[in-house]
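To keep things clear, I will list the structure first and then write my remarks on it.
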Amino acid sequence: MSKTPLKSTGADLEALRHSASHVMAEAVLKLFPGTKLAIGPAIEDGFYYDFETPGAFTPDVLEEIEKLMAESIKANHRFERIEMDREEALKFFRQKDQIYKMELIESIPDEKILFYKHGDFIDLCKGPHVVSTGEVKAFKLLKIAGAYWRGDEKNKMLQRIYGIAFYNKKQLEDHLNKLEEAKKRDHRKLGKDLNLFSMQESIGPGLVLWHPKGALIRKIIEDFWKDEHLKAGYDLVNTPHIALLDLWKRSGHLDFYEENMYSPMQVDEFKYEIKPMNCPFHIAIYKNQIHSYREFPIRWAELGTVYRYERRGVLHGLIRVRGFTQDDAHIFCLPGQLEEEIKKIIDFVVYMLSTFGFKEYDVYLSTRPEKFVGSQENWQKATNALKNALEQKKMKYEVDLGEGVFYGPKIDIKIKDVMGRAHQCSTIQVDFNIPEKFDVSYIGEDGNEHRPIMIHRALMGSLERFFAVLIEHYGGAFPVWLSPVQTELITISDAQLEYASSVKKKLEEKGIRVHLDDRNEKMGAKIREAQMQKIPYMIIIGNKEMEDQTVSVRTRKGDQQNGIKIENFISEINRKIDAKN
RNA sequence: GCCGGCGUAGCUCAAUUGGAAGAGCAGCUGACUUGUAAUCAGCAGGUUAUCAGUUCAAGUCUGAUCGCCGGCUCCA
């Protein structure tokens with residue numbers, strides 16, 4: 001048995017990717033001597049390395065780096081582990097003027113500092129690595145980006161190169177294909193192709209124009225949302241878009257949220273502020289009268305449109321915008337009702353999201369951060385309630401220590417789309433701040449005033465973001481119940497227009513969203529366009545159908561059935577619509 | 001906000017070293033009357049994001065601004 005293996009076991013993709021980042025750093029140093037190295041870890045699907053170079057990397061430099069990497073891989077250098085003591089290590093990097101590495105050593109408590117060496121390249125590194133560079137067979141450098149040293153925007157910005165690496169070419173190809181597929185599903189592209197929404201320079205960044213087809217889908221979502229809330233024991237409320245600046249002073253938003261709020265506007269002799277959140281309004285409704293413990297839980301929901309200032313660089317399609325509509329609700333309850341309410345919300349979230357086709361979630365429980373309001377005892381109770389609810393609902397979750405909002409602990413639910421990507425949408429937060437600020441109270445069994453518990457929750461998060469995720473999840477091919485046009489009527493020639501109109505009328509009478517393509521085009525052209533618009537059903541009408549008083553049905557998947565009675569088609573499509581698929 | 005890239009017709013993209021702004025699709029008009037993913041012809045469509053500059057000459061070079069894209073930081 002040889003002492004050192006000739007090849008890694010193949011179990012550790014992370015080691016492979018980390019090794020690739022070393023090989024990349026070696027190449028960058030060769031190409032740009034004097035480059036200062038920061039960090040180069042493995043990440044999901046790949047790796048990156050942060051550099052400081054005198055000039056900026058250009059995209060074509062990636063190819064040159066790849067070539068140099070290929071040489072190092074061909075040379076099949078072994079990765080060797082080296083130990084130095086602290087002084088030696090610092091001296092080593094001081095000679096090379098590697099200031100970031102010196103800073104990194106400062107934060108390593110051990111006396112022995114680990115290095116890995118392959119060929120002439122030595123890097124501070126605790127490993128592990130693959131056995132030799134020759135194992136890095138399938139890699140590709142993807143993009144250049146800016147990144148702050150240690151992720152802090154007060155620090156210098158470095159240049160980061162991202163790459164991906166896999167065990168073999170096949171996996172690499174598969175991954176690149178997946179990226180291509182994601183590009184095709186991009187909601188910004190589909191939003192344009194399917195004429196769902198736009199954002200325009202003349203309107204302003206981060207402000208969404210919902211076009212008729214997008215607005216129709218939104219209406220379906222909103223109707224469903226409202227109906228389900230009424231069924232679930234919520235009341236619907238509506239509140240204004242602006243309010244006196246004083247409201248936001250009292251709520252504390254001006255203290256802790258000002259950087260996300262727009263400047264106030266002057267109206268008569270008063271200052272008004274456009275709302276970044278809905279909570280103060282719901283509180284105002286609550287405070288408009290005295291409440292008894294007997295009323296609890298009180299659940300108020302609103303599709304509330306809020307406006308938040310977001311730095312320009314963070315805007316992204318519908319995912320991150322400046323004006324958006326939250327599917328907001330606030331629940332006032334007794335301490336003893338908290339856990340039960342959380343459980344109900346979890347059920348509601350799962351029901352809602354699964355109706356839209358999302359069956360997989362990543363769940364996070366965020367606990368008390370360093371800066372917080374409210375008593376430690378209340379935090380503990382609320383956090384336990386959230387935790388118990390998750391456990392009783394058998395939800396797998398991760399704890400995000402200290403990642404809660406300053407006003408209370410929270411559960412975040414990220415949905416996973418069909419590509420396996422996670423999106424932050426749902427959130428359930430306990431709020432100790434607002435009830436305090438507004439002196440919210442109820443009359444208890446004892447006749448005295450008490451402070452209720454307030455839960456803030458959103459199921460979809462914002463309609464804009466949810467719509468983006470929905471578009472990408474379905475790749476624009478919405479299920480029938482959500483499709484803006486459910487059936488396209490396609491005539492073969494003008495001779496069938498009259499019959500087609502009567503079919504259209506019959507479908508419309510049954511509430512089916514139908515469009516008649518009465519243009520003087522060939523059938524093939526009409527089918528092609530309906531197909532590209534991802535319309536679920538195409539009804540083809542020629543002389544044959546007209547004589548038999550039937551239709552031919554083609555689905556967007558390409559299935560084809562001829563001689564269908566209109567009534568049968570209607571009951572079939574309505575069955576699907578009712579089943580919400 | 002920061003680093004880098006990009007911005008030509010409604011859409012997708014051309015335009016050689018700085019040397020007359022172009023194509024396909026979409027639109028409009030007309031012809032054709034069609035059997036499962038593009039019928040043909042004609043017409044129209046532009047302050048090349050905006051503003052300044054260099055030059056005999058700028059889509060192309062320089063600067064500023066705006067917007068978008070990839071990231072970082074931040075987040076529904």
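These numbers were taken from a predicted model, which means no experiment stands behind them.
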Next on the checklist: Ring centroids only, cut at 6.0 angstrom: are A:F51 and A:Y49 within range, meaning strictly under it?
Outcome noted: yes

When the distance from [atom1] of [X] to [atom2] of [N] is rounded to whole Å, what number comes out?
| X | N | atom1 | atom2 | answer |
| --- | --- | --- | --- | --- |
| A:D412 | B:C74 | CG | C1' | 15 Å |
| A:M157 | B:G70 | CE | P | 16 Å |
| A:R312 | B:C68 | CZ | P | 9 Å |
| A:D50 | B:G70 | CG | P | 19 Å |
| A:W149 | B:U73 | CH2 | C1' | 16 Å |
| A:L207 | B:C68 | CG | C1' | 15 Å |
| A:R322 | B:C68 | CZ | C1' | 13 Å |
| A:E52 | B:G4 | CD | P | 13 Å |

Counting the atoms with a prime plus P, OP1 and OP2 as sugar-phosphate, which does [X] contact under 4.0 Å by heavy atoms, base, sugar-phosphate, or nothing?
| X | value |
| --- | --- |
| A:A458 | nothing |
| A:V321 | base |
| A:N260 | nothing |
| A:E545 | base |
| A:G524 | sugar-phosphate |
| A:G461 | sugar-phosphate |
| A:E310 | base |
| A:Q424 | sugar-phosphate |
| A:K522 | base |
| A:G542 | base |
| A:A145 | base |
| A:R160 | sugar-phosphate |
| A:S426 | nothing |
| A:E529 | nothing |

Watson-Crick or G-U wobble partner for [N], using a 3.5 Å limit on both distances?
| N | value |
| --- | --- |
| B:G59 | none |
| B:A41 | B:U29 |
| B:C13 | B:G22 |
| B:C74 | none |
| B:C68 | B:G5 |

Next on the checklist: Please check if the number of heavy atoms outside A:E181 that lie under 6.0 Å from its CD is greater than 12.
Outcome noted: yes

Checklist entry - More than 12 heavy atoms of other residues, nucleotides or ligands under 6.0 Å from CD of A:E103: is that the case? => result yes

Checklist entry - Can you check whether A:H316 has a side-chain N or O nearer than 4.0 Å to OP1 or OP2 of B:G71? => result no

Please measure how far the [atom1] atom in [N] lies from the corresponding atom in [M], and state the result in whole Å.
| N | M | atom1 | result |
| --- | --- | --- | --- |
| B:G46 | B:A9 | P | 10 Å |
| B:G59 | B:U8 | C1' | 6 Å |
| B:U16 | B:C72 | C1' | 39 Å |
| B:A49 | B:G42 | C1' | 33 Å |
| B:C2 | B:G18 | C1' | 34 Å |
| B:A15 | B:A23 | C1' | 11 Å |
| B:G7 | B:A14 | P | 9 Å |
| B:A44 | B:U55 | C1' | 35 Å |

Can a donor-acceptor pair be found, under 3.5 Å and without considering hydrogens, that links the side chain of [X] to the backbone of [Y]?
| X | Y | result |
| --- | --- | --- |
| A:R322 | A:L207 | no |
| A:R299 | A:Y234 | no |
| A:Q561 | A:V553 | no |

Item to check | Upstream residue (5' side of RNA chain B) when A:Q326 and A:D494 are each assigned their closest nucleotide | outcome: A:D494

Checklist entry - Start at the 5' end of RNA chain B and walk down; is the nucleotide closest to A:R519 or to A:D186 reached first? => result A:R519

Checklist outcome for this item: Numerically ordered, the residues 187-197 of chain A set in heavy-atom contact under 4.0 Å with RNA chain B is A:R188, A:K192

Item to check | Base of B:G1 paired with side chain of A:Y309 (donor-acceptor, under 3.5 Å) | outcome: no

Checklist entry - Below 3.5 Å, does any donor atom in the side chain of A:R528 face an acceptor in the base of B:U36, or the other way round? => result no

Next on the checklist: Taking the basic N atoms (NZ, or NE/NH1/NH2) and the acidic carboxylate oxygens, is any pair closer than 4.0 Å for A:E472 and A:R188?
Outcome noted: no

Checklist entry - Is the closest basic N to carboxylate O distance between A:R528 and A:E521 below 4.0 Å? => result no

Item to check | Nearest listed nucleotide, side chain of A:P205, among B:G4, B:A76, B:G67 | outcome: B:G67

Checklist outcome for this item: Ranking B:A76, B:A37, B:G1 by distance to the side chain of A:F324, first place goes to B:A76

Checklist entry - In terms of the angle between their ring planes, are A:F356 and A:F466 parallel, tilted or perpendicular, with boundaries placed at 30° and 60°? => result perpendicular

Next on the checklist: Below 30° counts as parallel, above 60° as perpendicular, anything between as tilted: where do the rings of A:H456 and A:H330 land?
Outcome noted: perpendicular

Checklist entry - Are A:S198 and A:H211 close enough that a side-chain donor and a side-chain acceptor fall under 3.5 Å? => result yes

Checklist entry - Under 5.5 Å between ring centres and under 30° between planes: true for A:Y162 and the base of B:G71? => result no

